Structure formats: structure tokens, C-alpha cells
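Below is one structure, written out as C-alpha cells; the observations come after it.
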Amino acid sequence: MASSSTLAGHTVVALHAHPDDEAIFTGITLRRLAAAGARTVLVVATSGDLGESRVPLRPGETVPQRRTAELERAAELLGVDRLVLLGHRDSGLPGWESTRHARALAAAPVLPLARALAELADAEGATALIHDDEDGIYGHPDHAATHRIGAAAADLAGLPAYRTTVDRDALDSRTPAGHLVHGAAGAAGVRYGRRAEEISLSVTGTAEDLAVKRAAILAHESQVAESDLPEDGFAAAYGQEWFRRTGGEPGPLEVLAALTGHRADHRADHGADHKAVTPAP
Ligand SMILES: [Zn+2]
């Protein structure tokens, strides 16, 4: 484990689309940032309104209320210092009527949200942002929106950004159908992630990080069943988190990547070279 002061003085603001994305895609990273002494601010754009609950809700409880409570629990497990909810509505998948809802994140103007995020980052003295990559990890409209908002905010605030994705090559070879993103991409009818050579850096979890990440994902019990996350194979699917850095000098995530034994290399700003490839089976 990193010493508790390696990243003291750093503040990282992570933007995600829905409750559960923070744990699924950046749980190890958030935990390790906190453990290394960085302040972490988690900003979640929607309450995941359209994620049908797989468990009975309490009388009068709504899905957004339930998912917000689950998010608070997950954030606590991951050592998040501050949780900010933007209160937009889940947009649903492409073609759904819900994408045009007045409060739908995907329909919201980017600039005001980006300005608000840049102001928050500025007020927090942030040293880096984390947000979804250009493809929204797997093409969900809300993830594409958090990409646009995060990228614009990073520009406005003059901050380096780490774009969250998954390494498609790694996942397909290690766990052909064993990551939640496989099901999500299948439901959306899109490909997911990027090729290994497009990834700038990865953060690898220890056994302890993985236990916390699994607990944080399972805190979203209205969405994820324990049987969706078998312990056997969890490390193969969820033991690494992947990013592409844009702008600035190497920052806190490169420090983490180095601490976890994975070299942070120089392949930032690689997005322009991205080419479509055959979708995974
Ligand atoms: Zn999501």
C-alpha cells in the first residue's frame, strides 16, 4: 500500500454518469488515491433513474432515492471525501424516449455543466479530473455526456484529465463475458472499451483494494447481485482500471500507476488515432 502522504496536497475530481460507475470503473483508483493522501471529490451526474431495482424498495422509496443511498455507502467505502450530485435524469439508451426528457443528462447543454464542474475543481484546488472517454466507455448517452462535460471542464480549468475506459483486449482474453460492461454494451448494442495500445495507464489493485471495490459495487444492491460478481474471477475482470491522460504533465494517477507496479507511459493524447475495430463477440 502507498504511504499515506505520497499524494498529499493533491485533489482529484472524478465525474461519473450513474451511481455504480464510480465503483465499477474507478473503485480501485479512488481508494488508492485516498490511501495515498489525496483528497477525492466524486461528482455523479444522474441518480440512475432508469435502473430498475432488482430488490424491493421500501414503501414510498423511489429508485433515485435508493440509488443515492447506495452511492453514499459506496463513496464511504472508497474513502471519497466529498460527494456531489448533479441531479440530472438518467437518459436511457439510444432511441429511447427518455433521452429527450427535459432533465435528461444527454439533452443538457454541456457548457453550463462544464463551467460548474470547472468552478468546483477550481474551488477544491484540484490537480486532476477523471471523466469518461470519448466513447463513453461503451457508448451509453450519459457516459458520452459526462465525457463532453468533463473534457470541457478540464479545458476551462486548465487541468490534466484521465479518461476512463476499459482495456477490451485484456477483458476479452481474461474474462470473455465476465465484466458488467459486457452486459451493458450488449444491451446498448455497441462495442466497448479500447485496444490495449490506446490505453495510457492502468492502476492495479491489491487483494485488499479488490475486496473494497467488490463491496463498493455490491453496495449498489438495487442494480448488481452478488451472483453477478463471483469472487472467483473478480480479480481478472475488475483488478485493473484503465485511463488515457490528456493535457498537462504526468500527475496523481501516474504516481499511483507507478506505485502499483504498472508503468505510466507516454501514450497520452492518443485519441485522434482511435479507429473502429471489429466488435467483441
Ligand atoms: Zn453508467
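Throughout, numbering of the chain's residues begins at 1 and tracks the sequence. Remember, it's 1-based here, ligands and their atoms both numbered in the order they're listed. Only a predicted model underlies this, so the values are computations on that prediction, with no experimental measurement involved.
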Contacts table for residues 79-87: side-chain donor-acceptor under 3.5 angstrom, sequence neighbours left out:
| residue | atom | partner | partner atom | Å |
| --- | --- | --- | --- | --- |
| D81 | OD2 | T40 | N | 2.9 |
| R82 | NH1 | E124 | OE2 | 2.8 |

Margin query: With heavy-atom distances below 4.5 Å as the criterion, would you say the side chains of L117 and H131 are in contact?
Written below: no
Item checked: Step-by-step side-chain contact (heavy atoms from CB on, under 4.5 Å) determination, L71 to L42 -> CA-CA 10 Å; L71 175 61; L42 172 61; 4.0 Å; yes
Note to self: Give me the number of protein N, O or S atoms whose distance to the Zn ion (ligand 1) is under 2.8 Å.
What the structure shows: 4
Notebook entry, point to check: Aromatic rings F234 and Y238: how do their planes relate, parallel, tilted or perpendicular, breaks at 30° and 60°?
Noted result: parallel
Next item on the list: Over 60° means perpendicular and under 30° means parallel, so classify the ring planes of Y162 and F243, tilted if in between.
Entry: perpendicular
Notebook entry, point to check: Looking at A170 and S173, what are the two nearest heavy atoms and their distance?
Noted result: O-OG, 3.0 Å
